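These notes are about the structure you will find just below.
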2 protein chains.
Amino acid sequence: MIKVLIVDDDFMVARIHSGFVAQMPGFTVSGVAHTGAQALAEVRRLRPDLVLLDIHLPDISGLELLGQLRAAAPEIDVLVISAAREADTVRQALRGGIVHYLMKPFTQADLHQRLDHYQRTYRSLESADTADQSDVDAVFGMSGTDKPLPKGCSAETMVRVQTALRSAEADSSALEVGELLGLSRVSARRYLEYLNELGQVQVELRYGSGRPERRYRWQGPRS
Amino acid sequence: MIKVLIVDDDFMVARIHSGFVAQMPGFTVSGVAHTGAQALAEVRRLRPDLVLLDIHLPDISGLELLGQLRAAAPEIDVLVISAAREADTVRQALRGGIVHYLMKPFTQADLHQRLDHYQRTYRSLESADTADQSDVDAVFGMSGTDKPLPKGCSAETMVRVQTALRSAEADSSALEVGELLGLSRVSARRYLEYLNELGQVQVELRYGSGRPERRYRWQGPRS
DNA sequence: ACAAAGTTGTGTTCATTGTGTTCACGCTCA
DNA sequence: TGAGCGTGAACACAATGAACACAACTTTGT
């Protein structure tokens with residue numbers, strides 16, 4: 001559950017945005033603050049994962065508060081909400097390492113899309129020990145579109161196979177990957193052998209009684 | 001012309017990356033530094049737009065240097081280059097407001113793709129007085145929810161498709177949505193794929209005998 | 001020591017199911 | 001009337017999985 005602190009000087013707006021967040025699966029509103037000082041105190045008290053931060057606060061500029069929040073909680077993520085359209089403000093916020101900048105007024109769908117992006121990219125980095133290039137690319141919405149898949153392989157299934165391999169504790173056989181994903185061994189093998197060609201997996205043989213079994217271990221991309 | 005400072009302790013690597021940058025239209029190498037101290041001095045002297053920053057430097061951690069570079073030149077952009085795959089390193093760099101994180105080893109094409117993204121997104125913000133949501137979305141590679149309805153789709157049918165999906169208990173295929181609304185599969189698919197682009201639905205494949213079926217699940221707000 | 005049998009797994013083939021594209025059709029509007 | 005749009009039938013082809021021949025090992029028998 002991703003804990004969110006709402007920071008907005010306008011009580012009504014804060015309430016609306018709280019409602020939006022509360023309706024987003026996987027997110028929960030852990031608090032609301034209406035000034036920069038309150039926000040700092042609440043960050044220290046509640047330890048939220050994410051702050052929805054309005055730039056215009058009565059006691060401090062949101063951009064300045066961003067730095068202070070970072071100092072108070074280095075692991076905090078910040079999604080800036082602002083009516084400000086000055087490119088300079090946007091640039092400063094981006095250089096502050098925000099996860100998004102959403103311009104008011106915005107719809108619930110707008111916010112949900114950004115929260116979803118945050119959840120799928122930044123938060124998956126949070127729960128991982130290692131990352132690879134595709135994780136970073138996901139943050140910036142860049143897809144590895146340059147590598148064409150062979151005929152007979154779909155992008156969606158490839159992503160699922162890669163994900164399964166990367167989260168496996170050890171190596172896996174085609175049959176195991178297939179069972180895990182609801183695919184046949186033969187289909188899983190198609191993807192695994194292609195990943196092998198790309199150098200993204202390492203193949204090892206497991207010897208027993210009978211023909212050796214091909215097992216695949218995630219090795220990360222090789223350029 | 002975007003001026004780039006290369007910061008890497010390995011002289012050979014720095015030379016290779018300089019070559020990559022020099023071959024990117026719109027970019028010029030303004031200097032090379034091999035230590036953190038040199039990098040700071042060169043940033044002050046050369047005023048580059050972008051630093052290609054290797055994390056592993058002999059005298060300082062690249063992440064720490066990032067903060068110092070920001071203090072010395074608040075308008076500086078930083079593209080991190082690193083062999084580090086620890087997710088924690090990646091997270092810290094992202095919170096430092098980097099424009100990208102490229103994992104070694106990478107190809108020239110890899111770097112050019114990121115430089116191109118930087119040029120089209122961050123740099124266009126640099127030359128603008130105002131920004132709008134699509135400018136921010138471009139940084140994060142998101143298409144936004146206000147993308148106009150494509151030719152061949154009617155607003156009335158769009159609403160009906162969205163309503164059908166919203167009220168579905170589970171996911172639906174294009175065929176099912178089409179049957180429900182009295183449309184053909186192909187027409188329903190048009191709307192569903194558009195919603196997929198907008199991030200309002202999630203696509204999952206259902207495997208069986210034969211080609212997998214694309215199924216669409218509503219992911220936007222319920223209300 | 002070597003061959004044969006048994007066991008386990010692979011890799012290929014092709015049938016099945018579904019997708020995605022193309023373009024003709026009917027309707028609306030200027 | 002002609003242009004443009006929304007739609008769907010038709011079709012080529014894509015992505016799967018079952019079935020099967022056979023490969024690569026281990027075990028057993030001579």
Side-chain angles (χ1 to χ4, degrees), chain A residues 143-165 168 170-217, chain B residues 143 147-165 168 170-198 200-217:
Chain A
S143 54
T145 55
D146 45 0
K147 300 187 185 73
L149 283 176
K151 285 253 175 72
C153 294
S154 78
E156 287 91 355
T157 306
M158 176 59 92
V159 166
R160 294 184 70 221
V161 170
Q162 284 176 317
T163 302
L165 274 183
D171 55 11
S172 310
S173 70
L175 183 62
E176 285 160 7
V177 172
E179 280 172 348
L180 192 66
L181 301 183
L183 300 179
S184 70
R185 166 188 67 82
V186 173
S187 294
R189 181 180 167 277
R190 262 187 213 117
Y191 293 85
L192 293 167
E193 285 296 326
Y194 179 63
L195 288 172
N196 187 28
E197 283 176 37
L198 292 185
Q200 296 192 12
V201 300
Q202 190 167 9
V203 175
E204 286 160 3
L205 297 187
R206 175 184 289 179
Y207 297 94
S209 56
R211 189 174 171 172
E213 185 179 56
R214 290 174 76 81
R215 301 191 66 82
Y216 305 83
R217 180 189 305 272
Chain B
S143 55
K147 180 177 172 179
L149 205 51
K151 291 253 171 61
C153 295
S154 80
E156 292 82 9
T157 308
M158 184 79 263
V159 168
R160 294 180 68 220
V161 170
Q162 283 174 317
T163 303
L165 274 182
D171 55 11
S172 311
S173 71
L175 183 62
E176 286 160 8
V177 171
E179 280 172 347
L180 192 65
L181 300 183
L183 301 176
S184 71
R185 167 189 68 86
V186 173
S187 293
R189 181 179 169 278
R190 267 191 206 111
Y191 295 85
L192 293 167
E193 285 296 326
Y194 173 64
L195 289 172
N196 187 28
E197 281 177 43
L198 292 190
Q200 294 196 5
V201 299
Q202 192 163 4
V203 174
E204 284 163 4
L205 297 187
R206 176 183 287 180
Y207 304 97
S209 56
R211 190 171 172 175
E213 183 178 57
R214 290 175 78 79
R215 302 191 65 82
Y216 305 83
R217 180 190 306 272

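Every chain is numbered from 1, with letters handed out A, B, ... down the list of sequences. Nothing here was measured: the structure is a model prediction, and the numbers come from that model.
The side chain of B:Ser187 has D:dT7 as its nearest neighbour among C:dT10, D:dT7, D:dA19.
Backbone-only contact: A:Thr157 has heavy atoms under 4.0 Å from sugar-phosphate atoms and none from a base. B:Gly178 comes within contact range of no nucleotide atom at all, as no heavy-atom separation falls under 4.0 Å. Among the atoms of the strands shown, only primed sugar atoms or phosphate atoms (P, OP1, OP2) are found under 4.0 Å from some heavy atom of A:Leu183. Here A:Ser154 lies in heavy-atom contact (under 4.0 Å) with sugar-phosphate atoms only.
Summary of the strand contacts: A:Cys153 and B:Ser184 both lie near DNA chain D, and taking for each the nucleotide with the nearest heavy atom, the more 5' one is attributed to B:Ser184. Of the residues near DNA chain D, A:Lys151 and A:Gly182, the one whose nearest nucleotide (by heavy atom distance) lies more toward the 5' end is A:Lys151. Heavy-atom distances to DNA chain C give each of A:Ser173 and B:Pro212 a nearest nucleotide, and the one nearer the 5′ end belongs to A:Ser173.
Side-chain contact of B:Gln162 with B:Tyr191: a donor-acceptor pair under 3.5 Å is absent, judged by distance alone. A donor-acceptor contact closer than 3.5 angstrom links the side chains of B:Tyr207 and A:Thr157.
Atom-to-atom, CG of B:Leu181 to P of D:dG8 comes out at 10 Å; the value is rounded to the nearest Å. Note: CG (A:Leu205) to P (D:dT26) measures 11 Å, nearest angstrom. In this structure, A:Leu192 atom CG and C:dT10 atom P are separated by 11 Å, rounded to whole Å. Residue B:Arg185 contributes atom CZ, which lies 10 Å from atom C1' of C:dT21 at whole-angstrom precision. Distance B:Glu213 CD to C:dG20 P: 12 Å, rounded to the nearest Å. The separation between B:Arg189 atom CZ and D:dG6 atom C1' is 16 Å, rounded to whole Å. In this structure, the CZ atom of A:Arg190 is 13 Å from the P atom of D:dA14, given to the nearest Å. Taking atom CE on A:Met158 and atom P on D:dA14, their separation rounds to 17 Å, with Å as the unit.
The main-chain N or O of A:Arg206 is never found under 3.5 Å from a side-chain atom of A:Arg215 such that the two would form a donor-acceptor pair.
Phosphate proximity of C:dA15 to B:Ser209: absent, as no side-chain N or O sits under 4.0 Å from OP1 or OP2. Using a 4.0 Å cut-off, no side-chain N or O of B:Tyr207 falls inside it from OP1 or OP2 of C:dT16.
Inter-residue side-chain proximity for A:Arg214 and A:Leu192 is flagged as unmet; no heavy-atom pair is nearer than 4.5 Å.
Put simply, the side chain of B:Arg211 and the base of C:dG20 share no donor and acceptor less than 3.5 Å apart.
Only one option out of A:Val177, A:Asp171, A:Leu175 pairs with A:Ser173 in a side chain to side chain contact (heavy atoms under 4.5 Å, CB included); it is A:Leu175.
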